[in-house]
Amino acid sequence: MTLASQIRHAVADALMHLYPEVTVNISAITVNQTKPEFTGDYTVVLFPFLKLLRQKPDAIGKQLGDHLVAATGLFSAYEIVSGFLNLSVKDGFWVAFIKDHFTDVHYGENAGANRRVMAEYSSPNTNKPLHFGHLRNIFLGAAVSEVLKANGNEVIKGNLINDRGIHICKSMIAWQRYADGATPESAGIKGDHLVGDYYVKFNDVYKQEVAALVGQGKDEKTAEKEAPIMLEAQELLRKWEAGDADVRNLWQMMNGWVYKGFDVSYKRLGVSFDKVYYESDTYLLGKKLVESGVDKGVLYKKEDGSVWIDLKEEGLDEKLLLRGDGTSVYMTQDLGTAKLKYDDFHLDQSVYVIADEQNYHMQVLKLILKKLGEPCADGIFHLSYGMVELPTGRMKSREGTVVDADDMVSEMVALSKEQTEQSGKTEGFTAEELAQLYETIGLGALKFYLLRVDPKKKMIFDPKESIDLHGYTATFIQYAHARICSILRRENIALTPDPTQFQSFRQTAELSLLERKIILSLEEYPAILADAANEFNPSSICNYSFQLAQLFNTFYDAHSISKAESEEKKHLRLMIIIMTASVLRHAMKLMGIRLPEKM
RNA sequence: GGCCCGGUAGCUCAGCUGGAUAGAGCACCAGCCUUCUAAGCUGGGGGUCAUUGGUUCGAAUCCAAUCCGGGUCACCA
């Protein structure tokens with residue numbers, strides 16, 4: 001149990017003891033960190049008790065303070081300031097805490113959730129390379145997966161690849177027409193980029209053909225429908241659905257190129273998946289589910305054979321589930337895939353990392369499954385995140401305004417190289433070590449940039465401004481970590497020493513304010529981690545890590561460690577920085593961010 | 001129009017289960033490297049927490065209305 005909640009319980013016990021005639025709900029007890037301008041570590045707000053106890057805040061505070069000091073042994077002193085009871089925790093508590101935990105590499109992890117969860121993320125289309133928006137999705141999915149694991153869940157990382165449909169046929173037809181047999185090898189570019197180039201080519205040609213038809217006197221709508229390249233793409237889709245061997249071969253070849261390209265990107269990003277689903281395998285699955293829904297009377301058929309669900313009672317609309325010709329729509333295949341995932345893994349929860357433009361779709365998906373009585377319905381959770389926009393608005397791949405993911409990574413790595421060289425800190429590294437370091441810094445900055453904001457909020461990225469390596473960044477945290485490692489190297493102490501290392505440590509000197517504050521901050525890490533899992537929000541971990549690194553930097557500036565005023569202080573501070581580095585490493589690992597020992 | 005989400009410093013964002021004088025980073029200004037990594041530290045200026053009303057001892061936080069921005073409401077995915 002964290003100290004804050006220990007205090008909350010202690011206050012509840014104290015009130016029960018002091019005022020047996022009244023009952024105070026534990027949720028009415030507010031325990032906060034004491035504001036820096038006052039003396040103390042934690043503060044109990046006294047106002048909620050005034051009416052209940054019919055006493056003045058000072059009187060309650062005095063009784064409560066005296067009782068807490070005497071009964072718990074946790075506190076050395078208290079102070080009452082205008083309705084707030086500020087408690088000072090005994091140095092002994094902090095010292096015992098740091099001695100107990102400073103070598104625990106799993107510190108902060110919470111056991112007990114014990115659920116099996118699938119997190120689906122990335123989920124790309126196969127007609128173009130990954131872009132900046134995918135990066136937010138991927139980093140968020142990967143980070144949430146790790147955070148859930150650290151809280152005792154079994155997590156299956158899933159990826160549902162949208163490998164079929166008109167979009168890939170567009171790339172296919174443009175390739176057939178204009179590529180002259182070009183392959184990634186012959187063209188010397190990544191497969192996903194090559195296929196994406198033909199998707200762009202398709203749209204260019206399409207625009208020209210529409211314009212030509214309009215020039216011949218057709219109206220816009222008709223021209224859009226009759227443009228030859230569009231008709232050819234649709235013909236390809238029909239042939240694909242019919243299983244035409246040539247079309248399937250072309251499709252397989254081009255998707256193969258894309259997967260190879262994606263694999264290179266994923267590898268560089270440091271992300272992976274445990275289970276990959278392909279829509280070409282799953283897109284027909286929902287039909288049976290829908291038909292059984294008709295039998296049950298949950299769904300209904302119109303005269304033309306199309307199947308619908310009526311969600312007007314739920315405040316929503318009527319929704320189509322099968323077309324008149326019996327083919328599936330997007331929702332149909334998602335119903336099937338949801339059931340498939342559940343049947344494959346017996347999931348307690350199924351998390352979908354999908355942008356907030358699909359909020360309505362996901363709400364309806366869950367609702368339909370519930371109405372169909374499918375057990376997978378309850379576990380469905382839409383982790384809805386805001387989209388990444390440019391200052392000019394949304395990214396549009398057709399208009400070529402997307403920020404490419406591979407380019408972005410390369411730019412960030414180049415930037416970290418430039419700034420490292422500028423700072424003149426490249427000595428003592430081999431060429432490979434430097435290349436590794438630039439990846440660590442560049443990718444770290446990128447991941448942190450995308451993870452540090454609340455997922456729910458949309459974010460605007462200006463490609464003209466490069467992502468900063470100063471201030472609230474991964475670089476800042478990496479730098480604090482490297483500084484700690486530098487001290488430990490000098491002192492010949494391992495990053496994670498043997499737990500017996502400072503066993504004989506005895507505290508006699510009073511802790512400094514910064515020593516207390518940094519230990520207090522370390523003590524709160526498990527609560528932060530639990531909260532991040534409950535909220536599916538990694539940004540709180542970024543926030544916490546930055547604050548901890550910042551606190552360390554202040555600490556580092558104010559206190560010498562190697563040349564501390566006494567051997568006792570030196571040992572205490574070593575334990576503090578060992579644990580600080582360890583917690584930072586743990587937290588950033590969950591974010592997929594590595595911390596270098598030297599930079 | 002219905003439903004959903006957002007609006008906090010010049011910019012990017014914390015804080016939102018109600019608690020002390022609303023916090024960071026960037027940018028700007030002024031200091032700090034013969035001492036463990038200055039990618040750092042210290043200090044400064046900068047706010048009608050969109051607006052109005054309500055609940056409360058207490059509201060950026062909760063409720064209502066309004067304004068502004070975005071998303072969505074396809075036999076597209």
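Keep in mind it's a predicted model, so treat the numbers as computed, not measured. In what follows, every heavy atom counts, from backbone to side chain, and hydrogens, waters and symmetry copies are set aside. All chains are named by letter (A, B, ...) in the order of the sequence lines, taking the proteins before the strands, and each is independently numbered beginning at 1.
Contact annotation for A:K563: backbone-only contact, meaning every heavy-atom pair under 4.0 Å involves sugar-phosphate atoms and none involves a base. Base contact: A:F47 has a heavy atom under 4.0 Å from a base atom. Residue A:H481 is classed as having no contact, given no heavy-atom separation below 4.0 Å to the nucleic acid. Nucleic acid contact for A:Q363: none, since no nucleic acid atom lies under 4.0 Å from a heavy atom of the residue. As judged by a 4.0 angstrom heavy-atom cut-off over every strand, A:T420 is placed among the base-contacting residues.
Here B:rG10 sits opposite B:rC26 as a Watson-Crick or G-U wobble pair (both hydrogen-bonding atom distances under 3.5 Å).
Remark: A:K319 fails to qualify as a cation-pi partner of A:W308 under the 6.0 Å distance and 45° angle criteria applied to the six-membered ring.
The ring of A:F38 lies on top of the base of B:rA20, close enough and flat enough: under 5.5 Å between centres, under 30° between planes. Residue side chain A:F84 fails the stacking definition with respect to B:rG19, as its ring centre and the base's six-membered ring centre are not both under 5.5 angstrom apart and under 30 degrees in plane angle. Judged by ring centres under 5.5 Å apart and planes tilted less than 30 degrees, A:F546 fails to stack against the six-membered base ring of B:rA24.
Listed candidates were B:rA14, B:rG40, B:rG70. Nearest to the side chain of A:E389 is B:rG70. If you check B:rA14, B:rA39, B:rC36 against the side chain of A:I561, the one that comes closest is B:rC36.
Applying the 3.5 Å distance criterion, the base of B:rA38 shares no donor-acceptor pair with the side chain of A:S423.
Between B:rG7 and B:rC16, the distance separating the two P atoms is 13 Å to the nearest Å. Remark: the separation of the P atoms in B:rG23 and B:rC49 is 14 Å, to the nearest Å.
Between A:Q547 and B:rG25, a side-chain N or O to OP1/OP2 separation shorter than 4.0 Å is absent.
Spacing between atom CG of A:N32 and atom C1' of B:rG19 amounts to 7 Å, rounded to whole angstrom units.
In this entry the base of B:rC11 is anti relative to its sugar, with a glycosidic angle more than 90° from 0.
By the 30° and 60° cut-offs, the orientation of the rings of A:F202 relative to A:Y206 is parallel.
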